[in-house]
Amino acid sequence: MDRPLKTFFIRTYGCQMNELDTEIMAGQLIKKGLSPIQDEDSADLLIFNTCSIRDLAERKVMGKLGLIGRGSKKNVVIGLTGCMAMAKKNNLFQKFPHLDFVIGTNNITDLGHVIDEVLSTRRQVMKTDELFEENLDYLATRRESKVKAHVSIIRGCDKFCTYCVVPYTRGSEVSRPPESILEECRSLVDQGYKEVTLLGQNVNSYGKDQPEWNCRFHDLLARLDAIQGLERIRFLTSHPVDITIELMQALRDLPKLCQFVHFPLQAGSSRILKKMHRIYTAEEYFEKVDQLRSIVPNVSLGTDIIVGFPTETDEDFEATYEAMKKIRFSLAFIFAYSARKGTPAQRWKDDVPEPVKEARLQRLLELQDQISSDEQHQMLGKTYEVLVERFNKDGRMLKGRTRCWKKVILEGPSQLIGTLQQVHIHSFSHQTLLGKVVQ
Ligand code: 5AD
Ligand code: SF4
């Protein structure tokens with residue numbers, strides 16, 4: 001690269017945490033004088049913010065990087081960030097000699113220096129620290145939405161489920177100081193934002209690593225709920241064992257907190273749960289659900305499920321099927337197991353044949369479709385509060401969400417964007433509810 005970098009493009013793979021990291025990196029690059037552009041092919045700086053959670057996620061990036069290597073992108077600086085940086089480190093430079101830098105999940109703050117070093121030395125630069133240091137400039141974050149924002153509250157995960165790479169790619173849990181979170185949320189409200197989603201691999205662990213702060217997750221929620229002008233608070237993701245009574249009470253009592261809890265079950269068989277090191281049995285999970293539903297009767301639940309974990313029998317799978325039928329989640333992300341390098345489960349034989357995994361996945365998807373469609377029927381004719389977020393993809397209708405995280409499409413002028421509306425649900429198509437603003 002013989003000229004100064006002017007434009008950048010970041011392609012994001014994976015979870016909301018990665019989406020947020022992209023927005024944080026974009027903020028840093030803009031502060032450095034670069035401009036974001038929509039066209040990947042004409043950017044001076046191209047970053048792939050990657051995901052390692054499943055095999056497919058990694059293969060997509062490897063394919064893309066391979067293609068770029070064979071092309072003629074000589075005048076571009078190319079970087080790889082995120083989980084694959086941590087999972088593959090030096091192997092990436094060996095496999096992709098055209099890659100200029102690799103930055104791990106804990107080194108986002110070094111992005112500017114790394115780019116300077118690449119430009120001045122013309123060598124490949126790698127930064128992949130094991131520990132996250134809390135010194136990010138969150139206030140510079142460049143967000144896609146002007147209405148709702150993701151806010152990081154805790155990074156890393158200490159749970160070590162046997163199938164999961166996250167504890168290795170994102171390191172151990174590090175909570176962000178409450179003052180810093182409050183400052184960012186207040187600043188978001190000043191800019192007109194109405195909703196924040198607090199992010200962490202396990203938000204319920206918030207504050208455990210810093211007992212002297214005296215601020216556990218429910219305490220943080222109470223402090224955020226007091227911010228004037230903020231309308232809605234959400235959070236993602238919760239580990240079932242860490243959902244406390246205090247959190248359930250917060251969901252009942254704090255008016256801004258949306259009654260939606262994503263707490264992955266993963267499997268309905270206690271034998272498989274034990275092998276997954278989920279540290280709860282199916283019965284304990286059901287008890288948590290009962291307790292939560294008795295304290296917060298209108299709560300909606302979301303889950304992640306893995307099918308085809310090593311040694312999963314038909315009987316184990318049926319237990320997952322029955323659990324989903326019994327609990328009736330509003331939202332379920334269902335995955336076929338894939339072995340991840342460096343995890344304990346990788347040492348076990350991946351013994352459920354792919355066609356069996358696929359058939360199990362399909363059965364759960366069909367069950368969930370039925371449950372979601374029943375839920376939509378029940379919502380017909382009723383009125384819900386919707387935060388109008390943006391134009392729908394067709395550019396004509398508006399799109400928003402209910403407090404229980406249901407997507408609603410409605411008609412109305414663009415001035416409704418960023419406002420809360422009472423919306424009467426009159427029909428639905430596929431996963432989307434259609435509604436009309438109640439005057
Ligand atoms: N194979 C399949 N799914 C996985 N997940 C995590 N690791 C794996 C894996 N090796 C799923 C879990 C987790 C979600 C984010 O991804 O369900 O909750
Ligand atoms: Fe992975 Fe388990 Fe941590 Fe979730 S709780 S990020 S599945 S190790």
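Ligands are counted one by one from 1 in listed order, and the atoms in each one are counted from 1 as well. What's counted below: heavy atoms across the whole structure, side chains too, no hydrogens, waters or symmetry copies.
A donor-acceptor contact under 3.5 angstrom links the side chains of Asn204 and Ser238, judged on distance only.
Of all atoms in ligand 1, numbered sequentially from 1 with element shown, those under 4.0 Å from a heavy atom of Gln266 are 12 (C), 13 (C), 17 (O), 18 (O). Atoms of ligand 1 found under 4.0 Å from any heavy atom of Phe335 (numbered from 1 in listed order, with element): 3 (N), 11 (C), 14 (C), 16 (O), 17 (O).
For the pair Arg278 and Tyr285, the cation-pi test (distance below 6.0 Å, angle within 45°) is failed. Both tests do not hold together for Lys406 against Tyr384: distance to the six-membered ring centre under 6.0 Å, angle to the ring axis within 45°.
Arg401 and Glu195 are not joined by a salt bridge, as no carboxylate oxygen comes within less than 4.0 angstrom of a charged side-chain nitrogen. Ion pairing between a basic and an acidic side chain is recognised when a charged N comes within 4.0 Å of a carboxylate O; Arg340 and Glu58 show such pairing. A salt bridge links Glu184 with Arg176: at least one charged nitrogen is closer than 4.0 Å to a carboxylate oxygen. A salt bridge between Asp158 and Lys208 is absent, with no side-chain N of the basic residue lying under 4.0 Å from a carboxylate O of the acidic one. Between Glu354 and Lys357 there is a salt bridge, since at least one side-chain N of the basic residue sits less than 4.0 Å from a carboxylate O of the acidic one. The pair Lys275-Asp316 does not meet the salt-bridge criterion, since no charged nitrogen lies less than 4.0 angstrom from a carboxylate oxygen.
Proximity of Arg278 to ligand 2 is established by a heavy-atom distance of less than 4.0 Å.
Among all protein heavy atoms, the one lying closest to atom 7 (N) of ligand 1 is Tyr163 CD1, 3.2 Å. At the top of the distance list for atom 1 (N) of ligand 1, counting protein heavy atoms only, stands Ser338 N, 3.1 Å. Closest to atom 16 (O) of ligand 1 among all protein heavy atoms lies Arg54 NH1, 2.8 Å. Taking atom 7 (S) of ligand 2 as the reference point, the nearest protein heavy-atom neighbour is Tyr163 OH, 3.3 Å. Given atom 2 (C) of ligand 1, the protein heavy atom at minimum distance is Ala336 O, 3.4 Å.
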Verdict with supporting geometry, Gln291 and Glu287, side chain to side chain donor-acceptor pair (under 3.5 Å): CA-CA 6 Å; Gln291 198 178 20; Glu287 275 167 30; over 6 Å; no

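Proximity of Ala345 to ligand 1, defined as any heavy-atom pair under 4.0 Å, is not found for any part of the residue. At a 4.0 Å heavy-atom cut-off, ligand 1 touches Ile306 through the side chain alone.
In terms of polar-atom proximity, defined here as any N/O pair under 3.5 Å, Asp304 does make such a contact with ligand 1. The shortest N or O to N or O distance between Arg340 and ligand 1 is not under 3.5 Å.
Of all protein N/O/S atoms, those under 2.8 Å from atom 3 (Fe) of ligand 2 are Cys157 SG, and waters are not counted.
Side-chain N or O atoms of Tyr193 include one that pairs as donor or acceptor with a backbone N or O of Ser145 at under 3.5 Å.
Scanning for side chain to side chain contact (heavy atoms under 4.5 Å, CB included) contacts around Leu331 gives Phe260, Phe333, Trp405, with sequence neighbours left out.
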